[in-house]
Structure formats: structure tokens, C-alpha cells
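Starting from 1, each residue takes its place in the sequence as its number.
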Amino acid sequence: MEKQVGVGVGVLVFDLAGKAVLIKRTGAHGEGTWAPPGGHVDFGETVIEAGRREVKEEIGIVVGNIEILGFTEDFFEKERKHYITVWLKGDWLSGELKKSDREFSEIGLFDLKKLPEPLFTTFKNFVDGKLLP
């Protein structure tokens, strides 16, 4: 079977104090690393729709005023995966942060200048300035 490139979204959701919501991932892909909520773009879904859906599913927040920031090209050598991650930012419109979920072991609000470690590869690429127009 031919390998395919996956398309995902990462969504920076900020609270009123300007801190971003990050989750500590669970599961085989990136377990134990920190990242904003996000996931795969489903067939027939726009990246904006995917971002809105993933944020609601993962952390319980309704996000609006979503903007596309750019994308990163992410390679996971060990897992033999290749992703294009479209980075979005949006406003926290309503909802309370979930305390737990099958997708994360911890959740928190962080200043982008004081991030927890380790970062998920896609988010590290974003933070390291590998965002493409």
C-alpha cells in the first residue's frame, strides 16, 4: 500500500489573559508531549470546520473568529508518517475546559514564551519558526 500524506490542524485557543490551551497527548502518536488541540481533517471538511470540531471534541470549548496562520510540514521518521499541519488561531467563545479526556492526560493554559516540555513535533516545528505561508 502506498504511503499517504496526512492533513491535520492545530488550533491555538487563547484565554482573555493571552494564554494558550495546551494538552499533554495520550495515545501512540506523540504520547507525553504538549500541543494545542487539533487532529485530522475529515473528507469534505474545511480546515476551519476541522479546527472548530477538534477543539470542541478535545477540550470542550466553542471557538470562533478562526484565522489560518500558515502550515508546517511534519515528518515522523520513527512512525513513518508525513503530515501537513494547518495552524489556526481562534477566540474562546464559550464553554469550560474539560478536566479529562481520552486524548490527553493533562491540560493547562500557558504563555507562549514559557512552554512546557516536551513539545509534540508539529507544535515544535511551529514554535521553531518553520511556519510556511
Side-chain angles (χ1 to χ4, degrees):
M1 184 165 121
E2 184 178 327
K3 290 299 238 173
Q4 298 291 314
V5 177
V7 179
V9 293
V11 187
L12 292 167
V13 180
F14 294 95
D15 71 357
L16 292 176
K19 293 190 175 185
V21 179
L22 299 180
I23 59 172
K24 191 170 193 181
R25 296 171 60 96
T26 58
H29 190 56
E31 182 168 18
T33 62
W34 289 91
H40 294 100
V41 177
D42 290 340
F43 183 82
E45 184 177 52
T46 69
V47 293
I48 302 286
E49 291 166 343
R52 186 175 288 117
R53 174 184 54 76
E54 287 287 355
V55 168
K56 181 67 175 161
E57 286 176 5
E58 283 187 13
I59 65 172
I61 298 298
V62 175
V63 64
N65 303 317
I66 299 173
E67 296 176 39
I68 297 173
L69 300 174
F71 69 94
T72 54
E73 194 159 8
D74 308 303
F75 299 96
F76 299 86
E77 296 298 329
K78 183 176 158 191
E79 297 95 341
R80 298 186 42 126
K81 294 183 179 189
H82 177 189
Y83 278 89
I84 302 297
T85 304
V86 180
W87 289 95
L88 310 170
K89 77 172 185 171
D91 296 334
W92 182 335
L93 297 181
S94 65
E96 298 286 325
L97 284 180
K98 288 183 177 180
K99 303 280 189 246
S100 64
D101 188 83
R102 66 178 175 80
E103 303 229 8
F104 64 84
S105 61
E106 295 178 54
I107 190 168
L109 294 163
F110 298 90
D111 184 316
L112 290 183
K113 294 180 180 169
K114 296 179 183 174
L115 294 171
E117 292 286 337
L119 299 178
F120 185 53
T121 299
T122 61
F123 190 43
K124 181 161 180 27
N125 288 342
F126 174 84
V127 168
D128 287 350
K130 296 180 181 173
L131 188 68
L132 299 165

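Under the 4.5 Å side-chain heavy-atom criterion for Ile, Leu, Val, Met, Phe, Trp and Tyr, I68 and L12 are members of distinct hydrophobic clusters. When the side chains of ILVMFWY residues are joined at heavy-atom separations under 4.5 Å, either directly or via intervening members, F126 and L115 end up in a single hydrophobic cluster. No continuous path of hydrophobic side-chain contacts links F123 to I84 [ILVMFWY only; heavy atoms under 4.5 Å]. Under a hydrophobic clustering in which Ile, Leu, Val, Met, Phe, Trp and Tyr are joined whenever their side-chain heavy atoms come within less than 4.5 Å, directly or via other members, W87 and W92 fall into different clusters.
Taking CD1 of I23 as the reference point, atom CZ of F104 lies at 6.5 Å (rounded to 0.5 Å). Separating the CZ atom in R102 from the OG atom in S100 is a distance of 12.0 Å, to the nearest 0.5 Å. Summarising the geometry, atom NZ belonging to K98 is positioned 10.0 Å from atom CD1 belonging to I61; distances are rounded to the nearest 0.5 Å. For the atom pair NZ of K89 and CG of L69, the computed distance is 6.5 Å after rounding to the nearest 0.5 Å. For the atom pair CD of E31 and CZ of R25, the computed distance is 10.0 Å after rounding to the nearest 0.5 Å. How far CG of L22 is from CD1 of I107: 9.0 Å, rounded to the nearest 0.5 Å.
Applying the salt bridge (Lys or Arg N to Asp or Glu O under 4.0 Å) rule to pairs touching residues 48-65 yields D42-R53, E45-R53, R53-E57, sequence neighbours excluded. A ring-ring contact (aromatic ring centres under 6.0 Å, His included) check over residues 8-34, counting only residues at least two apart or in different chains, returns the pairs H29-F76, H29-Y83, H29-F120, W34-F110.
With hydrogens and angles ignored, the 3.5 Å screen pairs no side-chain donor or acceptor of T72 with any backbone N or O of N125. Checked by atom type and distance alone, the side chain of T33 never pairs as donor or acceptor with a backbone atom of P118 at under 3.5 Å. Here the side chain of D91 pairs no donor or acceptor atom with the backbone of L93 at under 3.5 angstrom. Remark: the backbone N or O of K130 is not paired with any side-chain donor or acceptor of D128 at under 3.5 angstrom.
Using modelled atom types, one finds no donor on one side chain facing an acceptor on the other under 3.5 Å when comparing D74 with T122.
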